[in-house]
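A short write-up of the structure that comes next.
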Amino acid sequence: MGRSPSPGRDRKRSYADEDRSERGSKRAREDDRREDKRDRYAEDGRRDRERGRSDHDSRNKDSRDRARDLDRGRERDERRRERSRSRSRDRRRRSRSIDRSREREPARERERDRGLGYADRQRDRERRRDSSSDRPPRASGGSRQQQQQQEEDEEGEQQQRRSSGDAGAANGKAAKAEPLSLEELLKKKKEEQELAAKPKFLSKAERQALALQRRQEEAAELRTAQDEMRRLQAAQQQDEMRRAEAMRREAERNRHRDEREKEKELELIRKQYLGDDKFKKKKVVKASEKFRFNFDWDGKEDTSKDLNPLYNHLHQANLLFGRGMLAGIDRREQKKVAATVEADMLKKLRGAAGIVETSDMRAAAREREARADKYDGFDMTTDVHWSEKPLNKMSERDWRIFREDFNISYKGNANTLPLRNWDEAGLPEPIRMAVDFVQYDKPSPIQMASIPLGLKQLDVIGVAETGSGKTAAFVIPMLCYIMRQPVMDESNYAVMDESNYADGPYAVVLAPTRELAQQIEEETVKLAKYTDFKVTSVVGGQSIEEQGSKLRRGCEIVIATPGRLLDCIERHYCVLNQCNYVVLDEADRMIDLGFEPQVQAVLDAMPHATLKPEDENTELDQKRTYRTTYMFSATMPPAVERLARKYLRRPIVVNIGRAGMAGENVTQRVIMIKENEKAHRLSSELDMIHEKKVIVFVNTKRQCDNVYAHLEDAGYHCTVLHGGRTQDQREISIKGFKEDTYNVLIATDVAGRGIDVPDVALVINYDMPNNIEAYTHRIGRTGRAGRKGTAITFLTGGDSEVFYDLKRLLEESKAVVPPELARSEAAKQKPGGVSQKRDSIQYAKK
Ligand SMILES: Nc1ncnc2c1ncn2[C@@H]1O[C@H](COP(=O)(O)OP(=O)(O)OP(=O)(O)O)[C@@H](O)[C@H]1O
């Protein structure tokens, strides 16, 4: 089907001409050329189609459609580019007109900045034109715009027709769509590439955006490069460290290998010269060596000259040999032989001469022999026993033997020698006289050990068995200390007026019970017999006002129970401003009874300036007065000892024998019994002892009264002592017992400690106390001051908590352990021991 130039195209041409004339630019020509080209293509396509390529068309219908779409897109792009090129040309042209450009340039710049350039506006215009082509033409014509609109409409109709023709061909009814040949496609592609290669115009904002984007990309690249660099450096560093570590390990291994090789080499040399010790017997440590007893003194202590001259000059030639005799000659043997020979000879001569041996002659011969013995023995006995040596000849070894003889041991820095006898004690005359008066011929071991320490103002913890004279051990140095103080009169003691209190006593003794305090008072009074010291006891159960007035009248020594003394201090009956000597008798009991706060308060009331320096190495100035604290007991559990150290400065612990041991003079008997058999057994034991003094200990006040009632009924002379009785009743009881008004004292532990009644023959523990310390103290009421005594204990199955300790104590004292006790499980394991704890473990149910 032929196709003539359409009126639309003519109209278009005229529009292009008008446009050209209107703009006066090349753009119009370019547009025309482009239009012509497009028309030519369309014309060619139509001709080809007319040449009957219908088969091929139907086959390539899809590709043609796509190619057409591509064409249209490309045409649109080309048109856009052309428009932008013409716009730039226009701008250049406009720039030549200065006036116009001056007026328009800022606005245009603004538009360009907003991204609304001419091209955009043109694009908008075209869009509007496209949309208006759908609308019907306006009725009123004549204007150029209307004409242009009409032309466009016609062109649109033509195109519509073309496309409907294509669609008809597809349906096999209308003309077929014209496809693009391969050459055309290639040509178009080439044109596109050329177009793309041409430089593009960019607005300022776009350039800025691009520059910004490029800058950001560069910065990101730089960062990535830096990160990469850092990562590489770190990896490199790690590599280097690993390499260094490997080298170090290698060097170490080499060194070890060298050492091992050297060692092996040495070993080989050793074996070569000394033989192989591969089969050397392993040294077996004998049990006796393993558990060897360690003496608590050091071998270096023995600095004495050895008695045996053999060991005095080890490096010199020694002529002693053959039974240790000088040059091997036994003088005694020689003398014996010589004496026998001489006696035989004399006998023969006398017999021959007819002389009869008289008694004088026999006595003279014996004396001669003794003298000879002494002379001969002199060589062998180069030393004498310490007891025969004067003090200045005592060697360290003698002192050691002396300490061993009396079972004295010290803990702490005790560079003080013990006391051998009263004469060497250097006691002031009045006290020495008092010691003679009380007939203490020799000091007891605890006195030997602790009196010299007290005289040197050292703090002492003294532990010695019951009845061993501990009271005198602290009273004697106390009296010596007071003798060094100024004489006490109103100026330094008594109250001058209500507001002026003097400085109080020089020494204070604290005891746990009233009876004990009073007993210490008695002992002190005896030993202070030849001094004018005043002794006051301050105990509960008596009028505090009376005691207060006694205190105000003045006394050098106060013996008190802690609670009552604290009361007196708080009521200002007493001050302790010059008290520098303090004794805590039965210290463990006081702590047990909970008197610790009171004891602490009393100590706090004493001057602190006189406390010894804590540093052990600081020498004490013997001219100064220091506070001396003594603590005494027969038992000192470790916990109490630790606590006791709080009150004492640099104390020296003196132990006589083993702490907590029963007195050696007490025979212990333990009887396993049932509760209901006790009363009967008590009567029979008392019957056997006749009228001798007996103390029966029970655990409770009620039991005390029960036993008392039972014995009273049975006709015994008995009395009671327990905390439930008044002070007067207690004093009457103890006095009556001491003075033989009663021979049986039934008591609780109030009388368990310290009470000294010299001739108690028997102690009966009607109830076993619930701790072993109380047992030791109770049985210590007999067998005192060197006398013998017996302690009988009624033991029941209910006392199992002390079975273990009791069994051990009986074994250590070499007393008989009843078979029931020995066999008992409770006696094999200390309460709270490992196996018992294991039994008490509670296992979870699941
Ligand atoms: N050196 C001595 N020579 C002889 N008898 C002494 C000597 N020292 C003390 N005594 C006497 O020994 C008895 C017991 O003394 P003391 O009461 O001081 O003993 P204790 O060790 O304090 O006993 P406890 O531990 O029971 O309190 C007293 O009658 C006392 O007079």
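Note that ligands are numbered from 1 as they come in the structure, with each ligand's atoms numbered from 1 the same way.
For His777, no nitrogen or oxygen atom sits less than 3.5 Å from a nitrogen or oxygen atom of ligand 1, counting backbone and side chain alike. The distance criterion of under 3.5 Å between nitrogen or oxygen atoms is met by Tyr440 with respect to ligand 1.
The part of Lys442 lying near ligand 1 is the backbone, judged by heavy-atom distances below 4.0 Å. With a 4.0 Å heavy-atom cut-off, ligand 1 is reached by the side chain of Gln447 but not by its N, CA, C or O.
Short contacts between ligand 1 and Ser468, defined as distances under 4.0 Å to a heavy atom of the residue, involve ligand atoms 19 (O), 20 (P), 21 (O). Heavy-atom contacts of Thr471 reach the following atoms of ligand 1: 16 (P), 17 (O), 18 (O), 22 (O) (cutoff under 4.0 Å). Proximity to Glu465 (heavy-atom distance under 4.0 Å) selects the following atoms of ligand 1: 21 (O). Contact atoms of ligand 1 toward Gly469: 8 (N), 9 (C), 15 (O), 16 (P), 18 (O), 19 (O), 20 (P), 21 (O) (distance under 4.0 Å to a heavy atom of the residue). Close approach to Arg781 involves these atoms of ligand 1, each under 4.0 Å from a residue heavy atom: 24 (P), 26 (O).
Closest protein heavy atom to atom 29 (O) of ligand 1: Asp756 OD2, 2.5 Å. What sits closest to atom 25 (O) of ligand 1 on the protein, heavy atoms only, is Lys470 NZ, 2.7 Å. Closest to atom 17 (O) of ligand 1 among all protein heavy atoms lies Arg784 NH2, 2.9 Å. Nearest protein heavy-atom neighbour of atom 12 (O) of ligand 1: Ala785 CB, 3.2 Å. Here the heavy atom of the protein found nearest to atom 27 (O) of ligand 1 is Gly754 CA, 3.1 Å.
Side-chain contact between Val508 and Met606: present, with at least one pair of heavy atoms (C-beta onward) separated by less than 4.5 Å. Contact annotation: the side chain of Lys470 never approaches that of Ser633 to less than 4.5 Å [non-hydrogen atoms, C-beta and beyond]. Here the side chains of Leu686 and Leu711 are in contact, with some heavy-atom distance below 4.5 Å. Using a 4.5 Å cut-off on side-chain heavy atoms (C-beta onward), Ile779 and Gln668 make contact.
At most 12 heavy atoms of other shown residues, nucleotides or ligands fall within 6.0 angstrom of atom NZ in Lys701.
Relative to the six-membered ring of Phe437, Lys526 misses at least one condition, a distance below 6.0 Å or an angle of at most 45° to the axis.
Using a 30° and 60° split on the angle between ring planes, Trp399 and Phe402 fall in the perpendicular class, above 60°.
Under the 3.5 Å distance criterion, the side-chain polar atoms of Gln457 are matched with a main-chain donor or acceptor of Tyr626.
Under a 4.0 Å heavy-atom criterion, Gly467 is in contact with ligand 1. The shell of residues lying under 4.0 angstrom from ligand 1, judged by heavy atoms, includes Ser444.
With respect to Asp459, the salt bridge (charged side-chain N to carboxylate O under 4.0 Å, His left out) criterion is satisfied by exactly one of Lys612, Arg627, Arg650: Lys612.
The closest side-chain donor-acceptor pair between Gln518 and Glu731 falls under 3.5 angstrom.
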